[in-house]
Amino acid sequence: MPLNTLCLDNSYESIKKCADIIKTGGLVAFPTETVYGLGASAFNKQSIAKIYEAKGRPTDNPLIVHVDSVEKIYPLVLDVPKKAQILIDEFMPGAITLILFKTDLIPDEITNFKKTVGIRVPSNETARLFIETCNVPICAPSANLSGKPSTTSANHVIDDLNGKIDAIIIDNPSEFGLESTIIDMTTDIPTLLRPGSITVSMIESVIGPIEISSYIKDNLFVDDDTAPIAPGMKYKHYSPKAPITIFKGSDDLVIKQIENLSSINNDEKHLKVGILTNDQNKDKFDKNKYTILTLGNNIKDYGKNLFSVLRKFDDEKVDIIYSFSFDDLDGESMALMNRLKKASGFNIVTL
Ligand code: TXA
Ligand code: MG
């Protein structure tokens, strides 16, 4: 039986209603500055199980625990190493998740029996008011169906989870649009597990050198919604539904190559071609023939728009997608390219 999902605004009255839903074991999707989250009480094992069910997510992939203020981190973790404390002071509240050793307050159902837990203090005002009003830590993955891009607007959440969860807090589109930076503070040298808008250089400027996980460096596939993998495991393509090819090279070469391939696929094979580009290059192609979607004109907008653009390609039912590469920028492009490369199944052609 589908649930009657309440779509509520971000008024205090609505947030109070959502907090009551959490307290009675329900699921509420809420905005954060990164992506929308699907929240449940971190202290209620039945609610935790419901998250995995609603998303269709394998239960061996741990969830992040969200609290509304830094002080609330300490009871949940055994120890805060010095470098972790520096990151907390510098970047929290904000788009960063620290992996720390957990106390027994965190149920094994959240961490898949790992001894560590990911902790995050979102900066989004609605998120913090919601968590504070729940008066309990909130475990929350991204509020998307497993295998689909994370949700960066309330409409995405409705598309994916309407009828599967108790309520959605409708707020503005997410400020950053890519999930938080995750850094493991339990290793000798802190290790970046997922790049985000808090970049490696921002982190290294306050705690010195960090490791970059081999999953990121070697383009091994790690999906938020699949179990942690063995190195070398093959990528499974989920979303967007159409295969993506990323072309790396000078704009001129990339434009020429995409133009050639698009016209072959469109004119001869009668396929619907999607082109993923930016504002600078969007007018270089025939918009009457192809579905041209732009990420915007600067790296912040690229990140903010990526997931909604990937979803739009599904809505437009394109058969094949050709994309520019956006990594000739600075360190901020690491998170964007990490998600785009994953979406392409690491199908990257260097020209
Ligand atoms: O920005 C974000 O982090 C969003 C918002 C809602 O806060 N959340 C999010 O959660 O992206 P999720 O579940 O979609 O991604 C969390 C990632 C997963 O890849 C999971 O494997 C990893 O964090 N993770 C969680 N706990 C971990 C742990 N103890 N050790 C290693 N990785 C962990
Ligand atoms: Mg996710």
Side-chain angles (χ1 to χ4, degrees), residues 27-40 42 48 51-52 54-68 76-78 91-103 106-124 126-128 130-131 137-152 156-157 160-161 169 171 174-187 190-198 213 215-216 220-229 238-239 303 307 335 338-339 342-343:
L27 300 186
V28 176
F30 63 100
T32 85
E33 69 280 13
T34 57
V35 298
Y36 275 68
L38 176 57
I48 299 165
I51 287 184
Y52 287 95
K55 280 186 58 114
R57 168 165 164 142
T59 51
D60 54 2
N61 192 10
L63 305 174
I64 294 174
V65 173
H66 299 66
V67 287
D68 62 277
L76 305 178
V77 299
L78 285 182
F91 299 118
M92 287 191 174
I96 192 164
T97 298
L98 302 186
I99 307 289
L100 295 162
F101 287 111
K102 74 178 194 71
T103 60
I106 302 282
D108 290 329
E109 284 74 6
I110 288 185
T111 63
N112 184 35
F113 298 92
K114 273 176 182 290
K115 291 189 166 26
T116 58
V117 62
I119 303 272
R120 169 156 137 69
V121 186
S123 61
N124 178 285
T126 305
R128 278 165 65 199
F130 166 62
I131 300 165
I138 296 294
C139 57
S142 49
N144 53 290
L145 283 178
S146 202
K148 292 192 73 176
S150 296
T151 48
T152 54
H156 299 160
V157 183
D160 277 18
L161 296 173
I169 303 176
D171 204 345
S174 310
E175 183 185 345
F176 295 116
L178 299 173
E179 307 87 345
S180 62
T181 304
I182 303 183
I183 179 154
D184 188 346
M185 301 308 294
T186 68
T187 47
T191 308
L192 184 77
L193 300 182
R194 183 172 72 183
S197 59
I198 294 180
S213 154
Y215 290 131
I216 301 170
L220 291 170
F221 177 61
V222 198
D223 184 66
D224 289 350
D225 295 312
T226 47
I229 54 146
Y238 288 110
S239 184
F307 291 142
N338 170 262
R339 310 308 194 276
K342 258 167 41 170

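This is a predicted model, so every value here is computed, not measured. Both counts, for ligands and for their atoms, begin at 1 and track the order of listing. Here, residue 1 is the first one in the sequence, and each next residue gets the next number.
Proximity of Glu179 to ligand 1, defined as any heavy-atom pair under 4.0 Å, is shared by backbone and side chain alike. Only the side chain of Ile182 comes within 4.0 Å of ligand 1, counting heavy atoms alone; its backbone N, CA, C and O stay farther away.
Partners of Glu109 by side-chain hydrogen bond (donor to acceptor under 3.5 Å, both in side chains), not counting sequence neighbours: none found. In this structure Tyr36 satisfies the ring-ring contact (aromatic ring centres under 6.0 Å, His included) test with no other residue, sequence neighbours excluded.
The Mg ion (ligand 2) does not have Asn144 among its coordinating residues (no N/O/S atom, backbone or side chain, under 2.8 Å).
Considering backbone and side-chain N/O of Ser142, one or more are found under 3.5 Å from N/O of ligand 1. Checked by distance only, ligand 1 and Thr116 come closer than 3.5 Å through their nitrogen or oxygen atoms. Checked by distance only, ligand 1 and Lys55 stay at 3.5 Å or farther apart across all their nitrogen or oxygen atoms.
Contact check for Leu100 versus Leu78: no side-chain heavy atoms found under the 4.5 Å cut-off. Looking only at side-chain heavy atoms (C-beta outward), Pro122 and Ser180 stay at 4.5 Å or farther from each other. Between Ser213 and Leu192 there is no side-chain heavy-atom pair separated by less than 4.5 Å. Side-chain contact between Asn144 and Arg57 is absent, with no heavy-atom pair separated by less than 4.5 Å.
Below 30°, between 30° and 60°, or above 60°: for Phe130 and Phe30 the angle between ring planes is between 30° and 60°, a tilted geometry.
Close approach of ligand 1 to Ser180 is summarised as follows: ligand atoms under 4.0 Å from at least one heavy atom of the residue are 1 (O), 2 (C), 3 (O). Ligand 1 places these atoms under 4.0 Å from at least one heavy atom of Pro141: 6 (C), 10 (O), 12 (P), 13 (O). Short contacts between ligand 1 and His66, defined as distances under 4.0 Å to a heavy atom of the residue, involve ligand atoms 5 (C), 6 (C), 7 (O). Numbered from 1 in the order shown, with element, the atoms of ligand 1 that lie under 4.0 Å from a heavy atom of Arg57 read 12 (P), 13 (O), 14 (O).
Of the options Thr34, Ile106, Asn61, Val65, the smallest heavy-atom separation from atom 1 (O) of ligand 1 is shown by Thr34. Remark: among candidates Gly118, Pro62, Pro122, Pro31, the nearest residue to atom 25 (C) of ligand 1 is Pro62, based on non-hydrogen atoms.
Under a 4.0 Å N-O distance rule, the pair Glu33/Arg120 qualifies as a salt bridge.
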